[in-house]
Amino acid sequence: MPELPDVEVFRRYLDSTCLHQCIAEVETLDEGVLAGISSRQLRSKLKGQQFQRTRRHGKYLFAGVHEHLWLVLHFGMTGYLKYFKDCDGAPRHTRLRVDFRNGHHLAYVCQRRLGEVGITNDIERLVAEKGLGLDGLNADLGIDSFKSLVGTARGSIKSALMSQRRLAGLGNIYTDEILFQARVNPRAKANRLTDGHLERLFHSVKDVVETAIQAKAQPGDMPSTYLLPHREEGGVCPRCGGSLRHEKVSGRTSYYCPRCQGTT
DNA sequence: ACATTGACCTGAGAGC
DNA sequence: TGCTCTCAGGTCAATG
């Protein structure tokens with residue numbers, strides 16, 4: 001699930017539920033999700049503190065205790081957050097639970113355990129270490145930098161858009177949506193695209209990401225002109241009414257409309 | 001140096 | 001019902 005829009009929705013969820021509450025306890029239920037820190041260390045860093053603010057870079061979410069201490073959350077393919085009361089139990093596959101003094105809890109849930117939780121004292125350094133590119137919503141991302149980041153890849157445009165080193169935040173689902181909106185074939189070679197194609201893609205990145213966040217990243221709440229609600233076996237193109245096709249492109253299942261996105 | 005593939009993990013759903 | 005197989009919105013190390 002969690003691509004940039006999903007993680008941004010998680011960030012706002014955390015903001016609206018957990019900020020400025022005293023952390024009474026931190027329970028790691030599965031050590032396997034911890035990266036570079038023990039459950040004991042994590043507890044001692046967070047206990048008695050409060051989350052003051054949040055940030056996000058690509059698919060990474062940061063909850064800040066103070067300027068030089070951030071909880072790092074990455075969600076893999078199946079992760080999400082759930083804020084719940086005492087009386088309701090933690091969701092299944094809760095890997096980490098933060099207990100607040102007000103009797104509420106924040107669960108980090110991750111069924112497939114492909115996500116990770118850690119600590120950093122410097123977000124910029126972590127971003128550099130992970131080799132993440134500019135965030136897809138970064139205001140500094142202009143058409144020129146987009147062209148030089150994405151339009152120079154030798155492989156498919158699909159893999160260029162998904163590369164977290166070029167642009168941070170796009171995954172399989174939203175990349176398909178962006179390609180559909182811009183009418184570009186997922187297999188098209190990135191460095192053979194015209195300026196017109198790249199400009200359409202650039203605007204689609206912004207449009208799709210912002211629209212998805214507004215829809216709280218719920219596929220059912222996306223505009224019906226989007227590919228996403230039709231992205232399934234036997235799905236029909238919302239633009240031309242033709243049959244959608246799906247095939248593997250750089251290892252990931254890609255849905256597209258062969259008529260609207262025909263040219264490679 | 002860059003791009004693509006396979007492995008990592010678990011569970012849901014399809015097909016028999 | 002119960003088994004097996006395939007696939008899933010991510011990322012990294014190994015391979016081409």
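Numbers restart at 1 for each chain; the letters A, B, ... are given by sequence-line order, proteins then strands. Both backbone and side-chain heavy atoms feed into the values below; hydrogens, waters and symmetry mates do not.
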Subject >> Distance in angstrom units between A:Y80 OH and C:dA8 P, rounded >> reply: 21 Å
Original post:
So what does A:T253 hit on the nucleic acid, given a heavy-atom distance under 4.0 Å: a base, only sugar-phosphate, or nothing?
Top reply: sugar-phosphate
Original post:
Salt bridge between A:E177 and A:R231, side-chain N to carboxylate O under 4.0 Å?
Top reply: no
Original post:
Is any side-chain N of the basic residue among A:R95 and A:E116 closer than 4.0 Å to the acidic one's carboxylate O?
Top reply: no
Original post:
If you measure from the Lys or Arg side-chain nitrogens to the Asp or Glu carboxylate oxygens, is any gap between A:R113 and A:E31 under 4.0 Å?
Top reply: no
**OP:** Answer yes if A:L106 and A:V7 sit in the same cluster of Ile, Leu, Val, Met, Phe, Trp and Tyr residues linked by side chain heavy atoms under 4.5 Å apart, and no otherwise.
**Re:** yes
Subject >> Ionic contact status for A:D15 with A:R53, cut-off 4.0 Å >> reply: no
Original post:
Heavy atoms under 4.0 Å, any strand shown: does A:D176 hit a base, just sugar-phosphate, or nothing?
Top reply: nothing
**OP:** Give the ring-plane orientation class for A:Y60 versus A:H74, where under 30° counts as parallel, over 60° as perpendicular and anything between as tilted.
**Re:** tilted
Subject >> Rounded interatomic separation in angstrom, taking CE from A:M77 and P from C:dT6 >> reply: 17 Å
Subject >> Of the listed nucleotides B:dA12, C:dG10, C:dC12, the one nearest the side chain of A:Y60 >> reply: C:dC12
**OP:** Check DNA chain B against residues 158-173 of chain A and give the residues with a non-hydrogen atom under 4.0 Å, in numerical order.
**Re:** A:S159, A:R166
Original post:
Hey, does the side chain of A:K248 come within less than 4.0 Å of B:dT5's phosphate (OP1/OP2), counting only N and O?
Top reply: no
Original post:
According to the Watson-Crick and G-U wobble definition with distances under 3.5 Å, which dot-bracket string, read 5' to 3', encodes DNA chain C, using [ ] for crossing pairs and | for pairs with another strand?
Top reply: .|||||||.|||||||
Subject >> Euclidean distance, atom CD of residue A:E232 to atom P of B:dG13 [Å, nearest integer] >> reply: 14 Å
Original post:
Going by heavy atoms closer than 4.0 Å, what residues in residues 111-131 of chain A are next to DNA chain B?
Top reply: A:Q111, A:R112, A:R113, A:L114
Subject >> Short N-O contact, A:R97 and A:E25, less than 4.0 angstrom >> reply: no
Subject >> A:K59/A:E3 ion pair, N-O < 4.0 Å >> reply: no
Original post:
Between A:E8 and A:R12, is there a salt bridge with N-O shorter than 4.0 Å?
Top reply: yes
Original post:
Are the aromatic ring centres of A:F10 and A:F75 under 6.0 angstrom apart?
Top reply: yes
Original post:
For the pair made of NE2 in A:H93 and C1' in C:dA8, what is the distance, rounded to whole Å?
Top reply: 14 Å
**OP:** Could you pull out the closest heavy-atom pair between A:R183 and A:R239, with the gap in Å?
**Re:** CG-NH1, 3.3 Å
